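Read the structure below first, then the notes.
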Amino acid sequence: FPLKSVTESFATTIHGLKAGHLTDRIIQRSKRMILDTLGAGFLGTSTEVFHKASQYSKIYSSNITSTVWGRPDIRLPPTYAAFVNGVAIHSMDFDDTWHPATHPSGAVLPVLTALAEALPRSPKFSGLDMLLAFNVGIEVQGRLLHFAKEANDIPKRFHPPSVVGTLGSAAAASKFLGLSSTKCQEALAIAVSHAGAPMANAATQTKPLHIGNAAKHGIEAAFLAMLGLQGNKQVLDLEAGFGAFYANYSPKVLPNLDSYSWLLDQQDVAFKHFPAHLSTHWVADAAASVRKNLVAETALLPIDYIKRIVLRIPNVQYVNRPFPDSEHEARHSFQYVACAMLLDAGITVASFHECQINRPQVRELLSKVELEYPPDNLPSFNTLYCEISVTFKDGATFTHRSDTFYGHWRKPLSQEDLEEKFRANASKMLSCDMVESLIKTVKNLEDLEDCSVLTTLLKGPSPPEVASNSSAYNNSITNLS
């Protein structure tokens, strides 16, 4: 198709992609993303930031409502259900990560589950409808980040999901609702006016709102476009719009629909082992290897004999937090993750509780950490590495370098381990039977004739059942490392 403008090209692609464009690899990879995102969302309902977001959202009411995952006692208008579920997904920084850097799924999946439940139609929304809209939302984010060199600079100022996630959310909603190409273009224009949140709010309770807002604003953009609201049809082209990012685009960025090539087909996402910034997973991997050379698996680390710990990492300042004071700062601290792994031989959800962060032995070990920034260690999830050296007072030094970790796209998490992660996370709110039913439903999502089968499971059990599941969750979550 002829490329008349960046904005029109995106809208044409959003409208034109069909289920027949989905490859088997795309379907399989996106189902893994969906399962992992649901698990992060269920686990996130236990957090303080989720509680605050859900309490705030309860002031809104509507005759049309959607489920808050795992919370049958809370129903909200679809925009606010998407908001709260998006916040839950990112509340522990446990959701998937892509390259160039963004969290692609959290801004999109809550939109589709909210719409599938709130807007019944004939015929019903199918699992294939959901997979197509989900992948359109993911694809738009990837294309936006790949579009031009200037677009790669987004993370220098903005948290990427707040920019590309908002537009991806609008794209997914537009596709799911069957908007025309013109309406898709209007939805993108409206979404741009909601896009952008500063990186300064990383490592705070506000950061999860970026994902929730992206989901919420995407639905709003699609609804307003349906109602005829208009925006600038060249919003991605003009310098006064997002043209600063996308003016120098390449026609190859949006392939011909006759032979469409999905970015997710070429580049998988990374799945996390523990709830923290992705770059800390290299640190944890290197620290775990060094620890094995220092002490037996269950032995205590001889802190008093350690003179210095050197981390050779990329220069990413918002993950440089020498003495984190909160769980959110600890999730964004190279230093804390290294020390916690050295001390405990594993990182779990509980590792980021304040009582763990403030342990005297942790603070003592943190005081011995030094950072070095090798010039070849660039801040890219595709190329970065971590090298850790632990030096004892007698001069002995133990060093290990991690170039990747299990769960990175170069070393993908097995389906078995992905499902175990989901079980550990989802069992916080769901019975074992419901957890297994969700795994089975997502595994066969492309064959699902009615998405209500999925959204019904997302409601979770009755409140008394939730309480009885707490002990099972506490036991299972300790097995994650």
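None of the values given here were measured: they were computed from a predicted structure.
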Is there side-chain contact between [X] and [Y], with at least one heavy-atom pair below 4.5 Å?
X	Y	answer
H146	L263	yes
L430	L438	yes
I211	V87	no
Q267	N382	yes
F176	F134	no
T455	T67	no
D36	F422	no
S169	H217	no

Looking only at heavy atoms, what is the nearest atom pair of [X] and [Y], with distance?
X	Y	answer
A81	L76	N-CB, 3.8 Å
P104	V269	CG-CG1, 4.2 Å
A101	L145	O-CD1, 4.0 Å
H21	L257	NE2-O, 2.8 Å
A172	G137	CB-CA, 4.0 Å

*Would you call the rings of F42 and W69 parallel, tilted or perpendicular, where under 30° means parallel and over 60° means perpendicular?*
tilted
_Donor-acceptor pair, distance only, cut-off 3.5 Å: does the side chain of S91 make one with the backbone of V49?_
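No: the side chain of S91 does not pair with the backbone of V49.
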*For a ring pair (Phe, Tyr, Trp, His ring centres under 6.0 Å) with W282, tell me which candidate from Y406, F405, F334 qualifies.*
F405
*asked:* With ring pair (Phe, Tyr, Trp, His ring centres under 6.0 Å) as the test, pick out the partner of H281 among F274, F271, F381.
replied: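 In the set F274, F271, F381, the residue that makes a ring pair (Phe, Tyr, Trp, His ring centres under 6.0 Å) with H281 is F274.
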*Do we see a donor-acceptor contact under 3.5 Å between the side chains of S452 and D450?*
yes
*Going by distance alone, is a donor N or O of one side chain under 3.5 Å from an acceptor N or O of the other, for S261 and Q266?*
yes
*Begin with the C-alpha distance, continue with both residues' side-chain angles, and end with the deciding distance and a verdict on side chain to side chain donor-acceptor pair (under 3.5 Å) for H277 and S279.*
CA-CA 6 Å; H277 190 272; S279 61; 2.7 Å; yes
[X] atom [atom1], over 12 foreign heavy atoms within 6.0 Å:
X	atom1	value
R157	CZ	no
Q415	CD	yes
K58	NZ	yes
E416	CD	no

_The test is side-chain contact (heavy atoms from CB on, under 4.5 Å); show your working for L177 and L119 and say whether it passes._
CA-CA 9 Å; L177 296 171; L119 302 175; 3.7 Å; yes
*Name all pairs fulfilling the side chain to side chain donor-acceptor pair (under 3.5 Å) condition that reach into residues 93-109, sequence neighbours left out, sorted by first residue then second.*
H90-D95, D93-K207, D93-K272, D93-H332, D96-S105, T97-H103
*Can you run down the side chain to side chain donor-acceptor pair (under 3.5 Å) pairs that involve residues 170-193, sequence neighbours left out, and say none if there aren't any?*
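Listed by first then second residue: E186-K233.
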*asked:* Please determine whether side chain to side chain donor-acceptor pair (under 3.5 Å) holds for the pair R75 and S66, giving the CA-CA distance in whole Å, both sets of side-chain angles, and the decisive distance to 0.1 Å.
replied: CA-CA 6 Å; R75 293 193 64 83; S66 300; 5.5 Å; no
*Just do the side-chain contact (heavy atoms from CB on, under 4.5 Å) check on L227 and L229 with the steps written out, would you?*
CA-CA 6 Å; L227 292 170; L229 190 73; 5.8 Å; no
*With sequence neighbours excluded, tell me which residues meet salt bridge (Lys or Arg N to Asp or Glu O under 4.0 Å) with R71.*
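Listed in chain order: D73.
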*Using the test salt bridge (Lys or Arg N to Asp or Glu O under 4.0 Å), find all partners of D265 that sit at least two apart in sequence or belong to another chain.*
R25
*Residue pair Y260, T13: steps toward the side chain to side chain donor-acceptor pair (under 3.5 Å) verdict*: CA-CA 10 Å; Y260 198 83; T13 301; 5.5 Å; no
*Is the closest basic N to carboxylate O distance between E419 and R32 below 4.0 Å?*
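A salt bridge is absent here (no side-chain N lies under 4.0 Å from a carboxylate O).
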*Between R331 and E327, does at least one N-O distance fall below 4.0 Å, as a salt bridge requires?*
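A salt bridge links R331 with E327.
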*Apply side-chain contact (heavy atoms from CB on, under 4.5 Å) to L22 and L132, showing your working.*
CA-CA 7 Å; L22 296 172; L132 175 60; 4.2 Å; yes
*Given the rule in the side chain to side chain donor-acceptor pair (under 3.5 Å) test, do S5 and Q234 qualify, once you have shown the distances and angles that lead to the verdict?*
CA-CA 7 Å; S5 73; Q234 291 190 318; 4.7 Å; no
_Residue pair Y56, F83: steps toward the side-chain contact (heavy atoms from CB on, under 4.5 Å) verdict_ = CA-CA 11 Å; Y56 155 73; F83 167 69; 4.2 Å; yes
*Which salt bridge (Lys or Arg N to Asp or Glu O under 4.0 Å) pairs, counting each pair once, include a residue from residues 210-224, with sequence neighbours left out?*
K216-E220
*Does N320 have any side-chain contact (heavy atoms from CB on, under 4.5 Å) partners at least two apart in sequence or in another chain, and if so, which?*
Q317, P322, Q335, L371, Y373
